[in-house]
J.: 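Sharing a structure here in structure tokens format.
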Amino acid sequence: MTPADLAVAVLDAVSGAVEAGQLQVDVPAEAVIERPKSRDHGDYATNIALRLAKPAGRRPRDVAEVVAGYLRRRSGVAAVDVAGPGFLNITLENAAQGALVETIIAAGTSYGYTTALSGQKINLEFVSANPTGLLHLAHVRWAAVGDAMARLLAASGARVTTEYYFNDAGSQIDRFAASLYAVAQGEQVPADGYHGEYVIEVAQQVVADHPGVLDQPRAIALEVFQVHGIEQMFAQIRAGLDRFGVHFDVYFNERDLHRLGRIEETVVRLRTQGHVYEKDGAVWLRTTDFGDDKDRVIVRSDGRPTYFCADLAYYVDKRDRGFDRVVIILGADHHGYVPRMRALVRGLGEDPDQTLEIPIGQMVTARGGKMSKRAGNVLTLDDLIEAVGVDAGRYAMVRSSMDSAIDIDLDLWASRTSENPVFYVQYAHARIASLLRNAADLSIDSGDVTAADLSRLREEREGDLLAALGEFPRVVTAAAELRAPHRVARYLEELAGTYHRFYDDCRILPRGDEDPAPEMVPRLWLCEATRLVLANGLGLLGVSAPDRM
RNA sequence: GCGCCCGUAGCUCAGUGGAUAGAGCAGCUGCCUUCUAAGCAGUCGGUCGCAGGUUCGAGUCCUGCCGGGCGCGCCA
């Protein structure tokens with residue numbers, strides 16, 4: 001019996017009481033089932049009586065007694081106690097608990113997947129770094145978090161498209177081209193230009209690919225450096241993300257918005273809706289009508305649209321492509337962008353609470369390891385991969401809440417010790433894989449899971465492990481709904497610990513020439529179920545689940 | 001000045017209004033001739049920044065204050 005099954009049972013009990021006239025209350029849509037921290041409080045607990053007491057006009061403990069009476073009749077439920085202010089503490093029968101293993105084995109790699117978000121078509125944009133530099137730590141964080149989020153949303157039934165917005169037009173690009181040109185000519189990079197060794201490398205490559213470029217007039221040379229410099233930067237960025245295991249469904253070029261007239265269309269649409277005015281030769285959007293703290297320029301006095309204007313057109317384009325939710329992960333250094341974007345959505349006559357979501361992630365720093373000089377004084381994606389590897393890099397980025405600024409200790413994440421959380425989790429997986437190999441070497445046949453006597457799983461540590469495994473689908477759903485992949489990582493760390501404690505307490509394979517214990521087969525299935533959950537969870541984070549370490 | 005985020009054990013951080021606030025690391029004490037000790041057990045450690053409020057119940061929600069991070073451009 002899973003917590004979800006139990007929630008249904010609890011609601012059925014409430015319905016039964018209502019139908020029998022013992023309770024006058026609307027049956028709620030959901031019941032909260034939680035795992036009590038203390039084993040004395042049963043396998044599961046629900047606060048349903050506390051929630052129903054007020055609408056029912058009864059004391060919480062009275063409601064609890066009534067519901068408990070019905071719940072006790074449910075098969076699989078061994079005991080129901082009313083405790084404290086009115087909690088129901090529920091103990092399951094061993095067989096009902098053990099049956100979870102069968103559920104997990106049957107679901108296999110899709111255990112944890114739900115339909116919680118089915119019907120939602122979500123566009124998830126992240127990273128979107130300008131092709132004027134290498135990806136640094138903050139970009140890496142959004143890459144890891146965004147990719148995990150995409151996997152979580154998909155696992156919860158949403159249709160997800162991941163997208164990287166590629167700014168290949170505008171003043172930053174011009175500055176980048178000017179920097180390349182200056183370097184190629186052996187001149188000083190302009191003060192507002194780009195620095196770092198990578199600028200020199202790119203400039204040299206452009207010159208190598210286009211030998212006559214420096215003999216061309218300045219305007220033409222700048223164009224060459226711009227087009228091919230961006231091309232190279234973008235190739236490097238994509239290659240790096242590839243190595244990191246992050247693959248976008250769509251790489252969207254800002255240029256296409258210009259080329260296809262989408263920006264013009266958007267300005268016209270906003271003008272028609274009366275949210276636009278002219279001042280000082282520029283075109284302004286009256287975002288203050290919709291909660292922004294100042295109005296925003298969308299077309300500059302020289303006639304060029306602002307980046308913000310392109311962003312508006314991009315949002316409209318996503319909506320036109322049929323996405324009912326536009327999610328954009330941004331760093332805290334861009335959070336000022338949120339109110340104006342929301343204001344725009346209102347200006348278009350849509351409700352930003354329904355269609356737009358901008359999770360803001362706090363900044364990342366790193367210490368330890370050796371710092372790279374290649375990009376100036378910042379740590380790049382490649383530096384991180386070199387320092388700690390892909391698995392540890394991704395895990396380090398994804399295990400903390402986006403709301404927390406993090407400081408990555410490179411020495412810790414590079415270490416192959418228990419200090420390193422990713423090894424702790426991966427080790428549990430490898431340990432199980434090793435155990436299952438040994439079982440195979442001993443020619444042990446576990447048969448079919450449906451034939452195993454799973455009611456034999458009645459040790460306390462077995463119960464703890466079963467309960468932890470039962471939590472997984474809810475953890476995945478919550479992580480998806482709250483856009484909080486770190487919850488999966490924390491859960492896996494707990495699950496790994498619960499497994500290690502089980503392993504320490506419960507012998508599985510026979511020693512020496514002992515005969516196999518009757519618990520052996522059910523325990524082997526319990527191990528396999530745990531291995532599946534660890535592998536599924538790590539998979540959602542984009543981290544490998546090794547069979548050997 | 002205004003806005004967003006953070007403040008929880010010595011350190012790094014979990015904790016979608018529920019019971020006695022947790023984990024890892026660091027410190028101390030134990031456990032390997034048999035399934036991976038990259039593990040486990042025990043122990044030490046807290047006015048959940050401060051003060052009010054809402055609630056049967058607040059680390060969690062509201063208000064104010066203190067401290068830190070990040071923003072507030074016809075840059076992104």
Side-chain angles (χ1 to χ4, degrees), chain A residues 32 34 36-38 40-41 45 47 50-51 53-54 59-60 83-87 89 128-130 132 167 170-172 175 192 279-284 293-294 296-302 304-311 330-339 360-363 365 399-409 412 415-421 423-424 426-428 430-439 441-442 478-479 481-482 484 486-487 489-491 493-494 496-497 499-512 514 520 523-524 527 548-549:
Chain A
V32 178
E34 54 179 20
K37 286 164 196 154
S38 162
D40 301 338
H41 295 151
N47 62 359
L50 291 160
R51 292 184 178 280
K54 190 169 273 184
R59 290 192 312 216
F87 290 102
N89 291 338
S128 296
N130 283 348
T132 53
N167 281 308
S171 55
Q172 299 297 333
R175 284 180 196 171
D192 62 353
K279 191 181 85 181
D280 305 332
V283 180
W284 295 69
D293 57 350
K294 56 184 78 163
R296 305 292 167 177
V297 171
I298 54 174
V299 182
R300 287 180 266 235
S301 48
D302 63 6
R304 287 156 46 224
T306 59
Y307 270 81
F308 178 52
C309 189
D311 290 335
L330 291 181
D333 52 342
H334 287 83
H335 76 255
Y337 174 90
V338 176
I360 296 296
Q362 299 299 311
M363 307 312 281
T365 52
R399 101 179 264 268
S400 293
S401 159
M402 282 174 65
D403 287 339
S404 292
I406 52 174
D407 186 26
I408 304 284
D409 181 340
L412 185 153
S415 71
R416 310 193 137 253
T417 68
S418 58
E419 296 177 309
N420 186 342
F423 280 104
Y424 184 78
Q426 288 182 317
Y427 176 68
R431 197 178 217 189
I432 298 172
S434 164
L435 178 68
L436 296 175
R437 276 194 303 272
N438 291 341
D441 290 346
L442 292 171
E481 286 174 344
L482 297 168
H486 75 278
R487 283 167 176 266
R490 300 299 176 147
Y491 165 80
E493 288 169 30
E494 267 187 51
Y499 179 77
H500 288 312
R501 284 186 286 276
F502 154 77
Y503 178 92
D504 192 60
D505 231 36
C506 299
R507 179 76 202 188
I508 299 157
L509 299 176
R511 318 162 197 249
E514 284 177 2
M520 181 186 74
R523 281 179 179 168
L524 281 169
C527 287
R548 295 171 201 275
M549 289 177 75

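All chains are named by letter (A, B, ...) in the order of the sequence lines, taking the proteins before the strands, and each is independently numbered beginning at 1.
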J.: Determine the interatomic distance between C1' on B:U16 and the same-named atom on B:G49; round to the nearest Å.
T.: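 Rounded to whole Å, the distance is 24 Å.
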J.: Just to be sure I understand the rule, does A:Y337 reach a base, reach only the sugar-phosphate, or reach nothing, if contact means heavy atoms closer than 4.0 Å?
T.: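 Touches nothing.
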J.: Might you list the N or O atoms of the protein lying below 3.5 Å from N or O atoms in nucleotides 29-33 of chain B, with each pair's distance?
T.:
none

J.: In this structure, how many angstroms lie between the P atom of B:C11 and the CG atom of A:D409, rounded?
T.: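 Taking CG of A:D409 and P of B:C11, I get 15 Å after rounding.
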J.: Grab the CD-C1' distance between A:Q426 and B:U36 for me, whole Å please.
T.: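 Nearest whole value for this atom pair: 14 Å.
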J.: For B:G73, take OP1 and OP2 only and decide whether either is under 4.0 Å from a side-chain N or O of A:K294.
T.: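 For A:K294, the contact criterion (side-chain N or O under 4.0 Å from OP1 or OP2 of B:G73) is met.
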J.: Both A:G497 and A:L412 contact RNA chain B. Which one's nearest nucleotide lies toward the 5' end?
T.: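 It is A:L412 whose nearest nucleotide is closer to the 5' end.
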J.: Can you name the residues that form a side chain to side chain donor-acceptor pair (under 3.5 Å) with A:R507, not counting sequence neighbours?
T.: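 Applying side chain to side chain donor-acceptor pair (under 3.5 Å) to A:R507 gives none.
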J.: Under the side chain to side chain contact (heavy atoms under 4.5 Å, CB included) test, which residues partner A:A405, sequence neighbours left out?
T.: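 Applying side chain to side chain contact (heavy atoms under 4.5 Å, CB included) to A:A405 gives A:Q362.
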J.: For A:C506, answer base if it contacts any base atom (sugar-phosphate contacts may also be present), sugar-phosphate if it contacts only those atoms, and nothing otherwise; contact means non-hydrogen atoms under 4.0 Å.
T.: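 Base contact.
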J.: For a quick test of reading the model: is some side-chain N or O of A:Y491 closer than 4.0 Å to OP1 or OP2 of B:A23?
T.: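 For B:A23, OP1/OP2 do not have a side-chain N/O of A:Y491 under 4.0 Å.
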J.: Could you work out the separation of B:C5 and B:U60 based on their P atoms and round it to a whole Å?
T.: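 My reading of the P atoms in B:C5 and B:U60 gives 15 Å.
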J.: Say you pick atom C1' in B:C44 and the same atom in B:G52; how far apart are they, in whole Å?
T.: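 Nearest-Å result for B:C44 against B:G52 at atom C1': 35 Å.
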J.: When the C1' atoms of B:U12 and B:G17 are considered, how many whole Å apart are they?
T.: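 Going atom to atom, C1' in each nucleotide, I get 27 Å.
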J.: Tell me what A:I360 touches on the nucleic acid: a base, only sugar-phosphate, or nothing, going by heavy atoms under 4.0 Å.
T.: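 No contact.
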J.: With sequence neighbours excluded, tell me which residues meet side chain to side chain contact (heavy atoms under 4.5 Å, CB included) with A:V283.
T.: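 So A:V283 forms a side chain to side chain contact (heavy atoms under 4.5 Å, CB included) with A:R271, A:V276, A:E278, A:I298, A:V299.
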J.: Roughly how many Å is it from CG in A:D302 to P in B:C74, rounded to a whole number?
T.: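 Those two atoms, CG and P, are 13 Å apart.
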J.: In whole Å, what is the span from the CD atom of A:E493 to the P atom of B:U12?
T.: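 Distance, rounded to whole Å: 17 Å.
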J.: Classify the nucleic acid contact of A:S171 as base, sugar-phosphate or nothing, counting any heavy atom under 4.0 Å across all strands shown.
T.: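 Since only primed, P, OP1 and OP2 atoms lie under 4.0 Å of A:S171, the category is sugar-phosphate.
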J.: What integer number of Å spans the P atoms of B:G39 and B:C61?
T.: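 Their P atoms lie roughly 35 Å apart.
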J.: If we take the C1' atom in both B:C2 and B:A58, what is their distance in whole Å?
T.: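 B:C2 and B:A58 have their C1' atoms separated by 29 Å.
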J.: Under a 3.5 Å cut-off on both pairing distances, which runs of 3 or more consecutive Watson-Crick or G-U pairs involve RNA chain B?
T.: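 Stem list for RNA chain B: B:1-7 with B:66-72, B:10-13 with B:22-25, B:27-31 with B:39-43, B:49-53 with B:61-65.
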J.: Since syn is defined as within 90° of 0, does B:C32 count as syn or as anti?
T.: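 Because its glycosidic torsion lies within 90° of 0, B:C32 adopts the syn conformation.
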J.: With C1' as the reference atom in both, quote the distance from B:G59 to B:U55 in angstrom, rounded to an integer.
T.: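 Comparing C1' positions in B:G59 and B:U55 gives a spacing of 16 Å.
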J.: Side chain of A:H335, heavy atoms from C-beta onward: which of B:C35, B:C70, B:G39 has the nearest atom to it?
T.: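 Between B:C35, B:C70, B:G39, the one nearest the side chain of A:H335 would be B:C70.
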J.: Please state the P separation for the pair B:G68 and B:G30 - nearest whole angstrom.
T.: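 Straight-line distance between the two P atoms is 45 Å.
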J.: On RNA chain B, check which nucleotide each of A:K54 and A:S434 is closest to and give me the residue with the more 5' one.
T.: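 On the 5' side of the pair lies A:S434.
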J.: Can you name the side chain to side chain donor-acceptor pair (under 3.5 Å) partners of A:R501, sequence neighbours left out?
T.: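 With neighbours one apart ignored, the set is empty.
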J.: By salt bridge (Lys or Arg N to Asp or Glu O under 4.0 Å), which residues pair with A:D333, not counting sequence neighbours?
T.: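 A:D333: no salt bridge (Lys or Arg N to Asp or Glu O under 4.0 Å) contacts found.
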J.: NA contact type, A:N167, heavy-atom cut-off 4.0 Å: base, sugar-phosphate, or nothing?
T.: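 Here A:N167 touches the backbone only, sparing every base.
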J.: Only counting residues at least two apart or in another chain, list the ones meeting side chain to side chain contact (heavy atoms under 4.5 Å, CB included) with A:E481.
T.: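 A:A116, A:L117, A:T477.
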J.: Could you tell me which residues satisfy ring-ring contact (aromatic ring centres under 6.0 Å, His included) with A:F87, sequence neighbours excluded, listed by chain and number?
T.: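 Testing A:F87 for ring-ring contact (aromatic ring centres under 6.0 Å, His included), a comparison that skips the adjacent residues, returns none.
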J.: Taking ring-ring contact (aromatic ring centres under 6.0 Å, His included) as the definition, give me every residue that meets it alongside A:Y491, ordered by chain and number, with sequence neighbours left out.
T.: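 Residues passing ring-ring contact (aromatic ring centres under 6.0 Å, His included) with A:Y491: A:F472.
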J.: Rounded off to whole Å, could you give me the CZ-to-P distance for the A:F502 and B:A41 pair?
T.: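 To the nearest whole Å, that distance equals 14 Å.
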J.: Does a side-chain N or O from A:R431 land closer than 4.0 Å to OP1 or OP2 of B:G39, or not?
T.: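 Answer no for this pair, as no side-chain N or O of A:R431 is under 4.0 Å from OP1 or OP2.
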J.: Is there side-chain contact between A:S404 and A:M363, with at least one heavy-atom pair below 4.5 Å?
T.: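 A:S404 does not reach A:M363 side chain to side chain.
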J.: Can you find a pair of side-chain heavy atoms, one from A:L509 and one from A:L524, that are under 4.5 Å apart?
T.: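 Answer yes - side chains close enough.
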J.: Using a heavy-atom cut-off of under 4.0 Å over every strand shown, decide if A:R507 touches base, sugar-phosphate, or nothing.
T.: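 Base, at least one base atom sits under 4.0 Å.
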J.: Who are the ring-ring contact (aromatic ring centres under 6.0 Å, His included) partners of A:Y337, not counting sequence neighbours?
T.: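 A:Y337: no ring-ring contact (aromatic ring centres under 6.0 Å, His included) contacts found.
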J.: Could you go over nucleotides 13-19 of chain B and give all protein N or O partners under 3.5 Å, atom names and distances?
T.:
| unit_1 | atom_1 | unit_2 | atom_2 | d |
| --- | --- | --- | --- | --- |
| B:C13 | O2' | A:R490 | NH1 | 3.1 |
| B:C13 | O2' | A:R490 | NH2 | 2.4 |
| B:A14 | OP1 | A:S401 | N | 2.9 |
| B:A14 | OP1 | A:S404 | OG | 3.0 |
| B:A14 | OP2 | A:S404 | OG | 3.4 |
| B:G15 | OP1 | A:H486 | NE2 | 2.7 |
| B:U16 | OP1 | A:R487 | NH2 | 2.3 |
| B:G18 | N7 | A:N47 | ND2 | 3.3 |
| B:A19 | OP2 | A:K37 | NZ | 3.0 |
| B:A19 | N6 | A:N89 | OD1 | 2.8 |
| B:A19 | N1 | A:N89 | OD1 | 3.2 |
| B:A19 | N1 | A:N89 | ND2 | 3.4 |

